[in-house]
Each structure stands twice: as structure tokens, then as C-alpha cells.
Amino acid sequence: MEAGDRTVLQFSTQSTANLSAKVHPLVVFNICDCYVRRPDQAERVIGTLLGSVLSDGTVDIRNSYAVPHTESAEQVALDIEYHHNMLVSHQKVNPKEVIVGWYSTGLGVTGGSALIHDFYSREVPNPVHLTVDTGFRNGEGTIKAYVSVNLALGDRQLAAQFQEIPIDLRMVEAERLGFDILKTTSVDKLPSDLEGMEVTMQRLLALIDDIYKYVDDVVEGRVTADNSIGRFISDTVAALPKLSPPAFDKLVNDSLQDQLLLLYLSSITRTQLGLAEKLNAAAQIL
Amino acid sequence: MAASSAPRSFLQVAATEEVVSPLRVVQIEGLVILKIIKHCKEFSPALVTGQLLGLDVGSVLEVTNCFPFPIREEDEEIEADGANYQLEMMRCLREVNVDNNTVGWYQSTILGSYQTVELIETFMNYQENIRRCVCIIYDPSRSNQGVLALKALKLSDSFMELYRANSFTGEKLREKNLSWVDIFEEIPIKVSNSALISAFMTELEADTPVTQCDYDRLQLSSNPYMERNMEFLIECMDDLSMEQQKFQYHYRNLSRQQAQQQAWLQKRRAENMARKAAGEEPLPEEDPTNPIFKPIPEPSRLESFLITNQIANYCNQINGVAGQSFNRLYLMKALHDN
């Protein structure tokens, strides 16, 4: 990211053009939890981000831990030994996770952040700085990520600028399943299999209804037709395999029979177990 | 009088604190669930464990944080390492105000085959130091089916007493009225989140229902999963039949020994009659030195109980998945008809 030979103030955006960060929701949870537990006199929480750098340059942020720090108007002090201890412990479990940056709560980047960023850039070539606005100052919770870009005039380094990079919040399937229960403040019990099925099917039904309504609207002329959407819909409908009704029925019935067989087997097994247990416990030598 | 009644009433108060309310609910934070999911998924199919931290409040066990354990080698020197790791993590977490209290551990499992003797031993180890501990079992293979398979387990008290006495004979079990169902108690799980996190999540949630849909639940192919389940079931049945054979062998030995005892007794009696006729002292009717009077130890029923538990688990799972498959098949049928 060094500036070229020109004596023009350069914002070298080329290298950061394809840089983006992928944040796992666990990291957000961790940060919020640490924020809630912070000591009373601290205004914000600072911590390290762990993860890996993917082959296309995206930074994958997977885990995080808080680092105690003291902050005053002029200076910021970070507990470096703690930071290293935690890093070593975390790497014992997961040696592939390395430092990729650091986070702090609160909107925007302050002067002290530059110093901390400097410290982290000694550990990692290009650290990512994540800010999580727990104060909801903009009326919503904003999560932003920055990398440091060097501003140079000719050959002299003038300053470093924090430049924002796009963030991708993704959830893995297992987490997506639990997303509903993660959303509310409390859930009384985990949903059982069938309840989950019910919810999923309702959602599917809602989707199908939406599509129906959209197609109706287009046909009646209430909404202008969008060709790409139309193409998507026709692709989806065409994706249903064309089977003749008898063949399809046979397929469904075969699967049904298989499942019924398994159910039968498992019921027999359970009966057998009950019987065996009664016999075993009741057996006495006369 | 007042002076002596004051300490007595304090003692009374202290004495009544001993009554422990039974554990009714385990309250887990969303953070812990995410961490467990992440850890188990990353290392699957290897089995991993970790420690749970939290608070024990009345009839609710709150789990507020957790940390994973590194994969432990079988080496001796790594044992001390593991303990060091644990202490280090707890100390570091204490500095950021995380609850430092161990309330149990979590482990991942494959297809629900977690009932082993090691589990019980770990429970007993934990129970010695902590009054109430719980084990959370997470099954990452079931998340492909679209189910969050999280369970909180605890050993039942009566089982623990028996285990400490280390006797699993039929008599004792009948006394306590304990069957294989009573070994593990499953405790309902409640999930709680701090308000901040739920605000964030609601914010970050995708607005359209399209990305919200959990498509994995609608997958039609449950065959591989069922196949594996059946394989495990069959293996367990083999194990169970082996245990049954052990019992049969024991009973056969026992009845043979009894027959021998009867025969010896008859002989003694006949001898005594002869002696009485000859006017001599009758011999005693029992002879403890004779090897046929030695009591044969009854084999422990612990293994068979555990295996039975596992089988029941597999059956339950098969039932659950079959139910889901029925739903999906009928759905597909309806869609096709349209």
C-alpha cells in the first residue's frame, strides 16, 4: 500500500478495492457480551479479533476476546500480556485462528484508536478495525470495519487514514436454525423437530403466496413486469422434475413405505427393550 | 436468653439453607449456544469438549459463558498442560468480569451415541466439587437435518448413590426401583439473551423472508442419516445381546451351583443318618470351605443399562426423522399435484 512516485496526495484505494470483511455473528455476540460486562469506569471495550485471511483477500473474522485497557484523555494503555496469554490459549484450541485485527465499541474512530491500530499493525501486516456502535447513536446499531491506508506525499508518510471496507454478515446453517431463538430476549424452550417443520412450511407458504400475488399483479397490469424476476420464476417452476403421475406416485409411496418400515422396526426394538428390562430386573433365583 | 436464642436462630437459618431446590431449568445464553455450535462444527467428526461457566441460582442453572478444551493427547505430560490451560482461561476471563464459576461441561456427539461409562465417570468427578453440574450434548450431524440438537443432561440422584456404592445387582436395583430410564435426567433448556444483543440481531436480520427460510429442513434426502442410525442401532443390539449372554451364563452357573449344593446336602444328610444309626456325632450341614458354596458374583448391569439407553435414543431419533420425512413427502406430493 505504499504510494507511487508521483508527488500527488494519494489515497491508494486500489489495494483496498476488493478487501472486505466477513463477520460471524458470534463475534457480535461476544462484543456485546463484553460490553455489558465492562467495568463501570470504562466507556468502551477494546479487544482482539481472530480469524483468517481467505485466498481472495477477504478477511474472515471468526472469534474475538476482550482485552482490559485503561483510557484517559491523552493516552491509552492496553494490557499486552493479557492479550498474548489469551492468544496462546485460543491457539491451543484452534491453531488456525490468527489475529486479524481489533475491535472497539462506540461509533467512529477516535485519536486513541490510531495508536492502538499501530500496535496491532505490528502484529499483523494489515489489521482490520471493527467498530460496533453499542450506543445506537444513529438510531440503529452500526457495525463498520476500517483498514488503515497510508497517506503519502511523495516519499513522505503523512498520516494514516481509516478507510471503510464493506462487511458481510453471514450465518452458517446451524446458526441460522437457531436464529429465531437468538433474536429474542428469552425463549422458554427449544423448538422440537415438528414445530420447526411447521414454521418452515409456513414460511414457504408465505413465499409462494408472495410469488402468486406478484404474478397476478403483473398479469393484471398493476405492476410493471420485470424480466429478470419473470425469468427467475420460470426457472424455478421448470426446476420441478417432469415425472409422469404414476412414476411420481410410485416414488412417493416407496419412500413412505421405507419410513414406515423404519418406524415399525424402532417400535419393535423399544418393545423388546421394555420386555427385556422387566425380565432382567425381575429374575430371581428361586 | 436473647443472646442464646440469637445464635441458635442463626444456626437454624444456616441449617435450613442446606435444602437444595431441585434443578428445573437450564438457562443458556445465546452466546454460549453459538460458541458450542461453532466449536463442535469446526472439529466434526472428531468429538470435542469444553467447559461451561455460569451461576447457580435457585432452581435455575444459568450458563453465561463457555470455553473449549484443546484436543487432548493421550500423553501424561499434556495432562498438566490441560489443567494449566483451564486455570489460565478462567483467570483471564475473570479479568473481564465473566462469571468464573464452573457449572458443567459440554461435548459433541455423533448421532446421539453419548451414553458411555466415561460420561458417568466425568459426572461423578464434577459432582464431587460442584453441587450442581450439568452436561450439554450437542449433535452437529443433526443440524444437517435442520434441527438444533441441544440437550442438557444430569445424572439422577438415586443413580449416583448406587454408582458410588458400585453395586448394580438386581436386588439393589429392584429396591430403588431404578430402571434404565432413570439414569439420565433431561432438563429443559431456556435461552436468554441480553437486550443489547437482541436489539442488534433484530437490526441485522434480513428483511425479506427469502433468506430467512431454513431450506435445510425441507431437504428430501434423509436416507444417509437413517442408514447410519440403523447401523448404529444394529451394533448396539449386538452389544446388548452379548450382555444378555453374559447374564444367561451367570444364571446357568448359579443354578448349577445350587444343584450341586443340594446334592452335597443330600449326601451329608444321608451320612448323618448313617452316623446317628452308628451313634456318632452328626456332621454339620454346612461347609463353608467347600468351593461349591462360594457365592458367584453377579455381573454388573451398568453396561446393559447404558446400551439400552443408547438404543432408546436411536429409536427416538428415527421416529423424529421419520415424522419429518412424512411431512416433507406429503408436501412434495401436494406441490406436484398443483
Side-chain angles (χ1 to χ4, degrees), chain A residues 25-26 28-30 32-39 66 68 82 85-86 89 92-94 134 140-141 169 172-178 181-190 193-194 196-197 200-201 203-204 206-207 248 252 255-256 259 262-263 266 269-270 273 276-277 280-281 283 285, chain B residues 30-31 33-35 37-38 41 68 70 85 88-89 92 95-98 143 146-148 150 170 173-174 179-180 188-204 209 212-214 216-218 226 254 308 311-312 315 318-320 322-327 329 333 336:
Chain A
L26 175 62
V28 178
F29 267 71
N30 246 335
C32 291
D33 188 60
C34 293
Y35 181 75
V36 171
R37 286 176 192 276
R38 72 189 186 289
Y82 179 92
N85 279 342
M86 281 294 258
S89 302
K92 275 200 202 144
V93 178
N94 209 341
T134 48
E140 55 173 34
L169 267 169
V172 198
E173 329 88 43
E175 296 162 349
R176 223 181 327 145
L177 290 173
I181 54 177
L182 294 175
K183 208 173 33 161
T184 60
T185 28
S186 80
V187 168
D188 278 331
K189 64 184 195 74
L190 292 179
D193 306 348
L194 292 180
M197 274 303 278
T200 311
M201 287 207 276
R203 285 213 188 108
L204 190 61
L207 278 181
F248 183 76
V252 171
S255 313
L256 272 177
Q259 307 288 342
L262 287 175
L263 262 183
S266 74
T269 317
R270 291 174 72 165
L273 285 180
E277 182 233 332
N280 271 341
I285 301 300
Chain B
L31 175 66
I33 295 187
L34 274 185
K35 273 190 168 177
I37 293 181
K38 170 178 179 292
K41 231 171 118 60
Y85 169 80
E88 190 66 31
M89 276 305 260
C92 288
E95 288 196 27
V96 275
N97 286 341
V98 175
S143 60
V147 173
L148 188 65
L150 209 62
L173 291 170
R174 234 171 301 132
S179 76
W180 54 266
I189 298 185
K190 214 168 89 139
V191 179
S192 79
N193 279 318
S194 71
L196 183 63
I197 292 188
S198 69
F200 258 104
M201 282 293 128
T202 324
E203 202 38 60
L204 300 170
Q212 255 186 35
C213 205
D214 329 328
D216 299 327
R217 275 211 197 106
L218 296 173
M226 294 290 245
L254 210 57
T308 319
I311 295 184
C315 290
I318 291 184
N319 283 349
Q324 279 192 319
S325 308
F326 284 144
N327 280 338
L329 284 172
K333 201 161 158 176
H336 192 261

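Please read all numbers here as calculations on a predicted model, not as lab measurements. Numbered from 1 within each chain, the chains take letters A, B, ... in sequence-line order.
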As an exercise, state the distance from NZ of A/K92 to CD of B/E88, rounded to the nearest 0.5 Å. 7.5 Å
For B/C92 and A/N85, work out which heavy atoms get closest and say how close. SG-CB, 4.2 Å
Looking at A/D33, A/T269, A/L256, A/V252, which has the largest count of heavy-atom pairs under 4.5 Å with chain B? A/L256
